[in-house]
Peer 1: 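Would you mind keeping the following structure in view while I ask a few things?
Below, all heavy atoms of this structure are taken into account, side chains as well, without hydrogens, waters or symmetry copies. Quick caveat: nothing in here was measured; it's all calculated off a predicted structure. Just follow the structure's listing: the first ligand is 1, and inside any ligand the first atom is 1.
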Amino acid sequence: MAPPSTPPPEGGIVVFQPLRERYCAQCRGGPLAMLVLEDRAPWCLDCADLGHLVYLPRGDTALTRRSREESTLSAVVVRFNRRKSRYERQGVLVEEAALAGAERRCLADAEARRRRRVRDAGRRAAADLRFTAALAVEIRRLFPRCPAQRAEAIAAHASVRGSGRVGRTAAGQALSEGAVTSAVVASVRHLDTSYDRLLMNGVPRHEARRRIAPAVEAVLRGWRAPEAAGEEGEGQGGGEEGAAEIS
Ligand SMILES: [Zn+2]
């Protein structure tokens, strides 16, 4: 069964890749890899004045689009798919200069994209550093007696990109008091209490947190401003100074 000779719904010049041996009705050349239909008769590309075009297989959408845009004369290449009973687009025929120009523009775009990625990465790194610095300042504002190096370490840890830690959350980015305190509490829990050891020993998380809560609160009290530290007894007086010197 020969494929129907009606062209696919493409518009413009359509070039066919024949499924069986076809020869040019004009020059008798062939068998033809590609042909156009003139009054239902196969013509070779040279006889149809398309011989100067180059074939660009489908696959690169941007390159195909640009090649056709830059090409005064172009054609769509199709082949009939018997199983699906329809024509399928295989590529395009375009002018060689148009293809070269389109390739240059696509390469320039790829280079522009690459440079933009580098710039964006630089901007993100700078923004991360600014955020970490701002977070450290805020930690020191809420906890003036927290050693500076410790505040910076907490801020850097909380800011690690993609970690899902408090510094990356919306509340953390806004430097809300709750978010900043959470970052500090997390650090104190791991570094200044037996929390990690309790977890390693199989103590359930909520029970471990309950057990270390007084120790965490003691450190936070020690790091807060003296007037804030006074609200709950003065038992931590010595600890305050001690904590201030640790770093
Ligand atoms: Zn011919």
Peer 1: Under the ring pair (Phe, Tyr, Trp, His ring centres under 6.0 Å) rule, what pairs show up with a residue in residues 179-212, not counting sequence neighbours?
Peer 2: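 Residue pairs passing ring pair (Phe, Tyr, Trp, His ring centres under 6.0 Å), neighbours aside: His190-Tyr195.
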
Peer 1: What protein atoms of element N, O or S are positioned under 2.8 Å from the Zn ion (ligand 1)?
Peer 2: Cys24 SG, Cys27 SG, Cys44 SG, Cys47 SG

Peer 1: Using side chain to side chain contact (heavy atoms under 4.5 Å, CB included) as the criterion, point out the one residue from Glu207, Arg211, Arg205 that pairs with Leu198.
Peer 2: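 The passing option is Arg211.
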
Peer 1: Can you name the nearest heavy-atom pair linking Cys146 to Ala151, along with the distance?
Peer 2: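 Closest approach of Cys146 to Ala151, heavy atoms only: SG-N, 3.8 Å.
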
Peer 1: Checking Glu88 side chain against Arg86 main chain: does a donor-acceptor pair fall under 3.5 Å?
Peer 2: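 Pair absent, no side-chain N/O of Glu88 close to backbone of Arg86.
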
Peer 1: State whether the side chain of Ser176 and the backbone N or O of Ala179 hold a donor-acceptor pair below 3.5 Å, judged by distance alone.
Peer 2: yes

Peer 1: One thing to verify: whether Glu69 and Arg66 come together as a salt bridge, which I'm taking to mean a side-chain N less than 4.0 angstrom from a carboxylate O.
Peer 2: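 Looking at Glu69 together with Arg66, the answer is no, because their closest N to O distance does not fall below 4.0 Å.
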
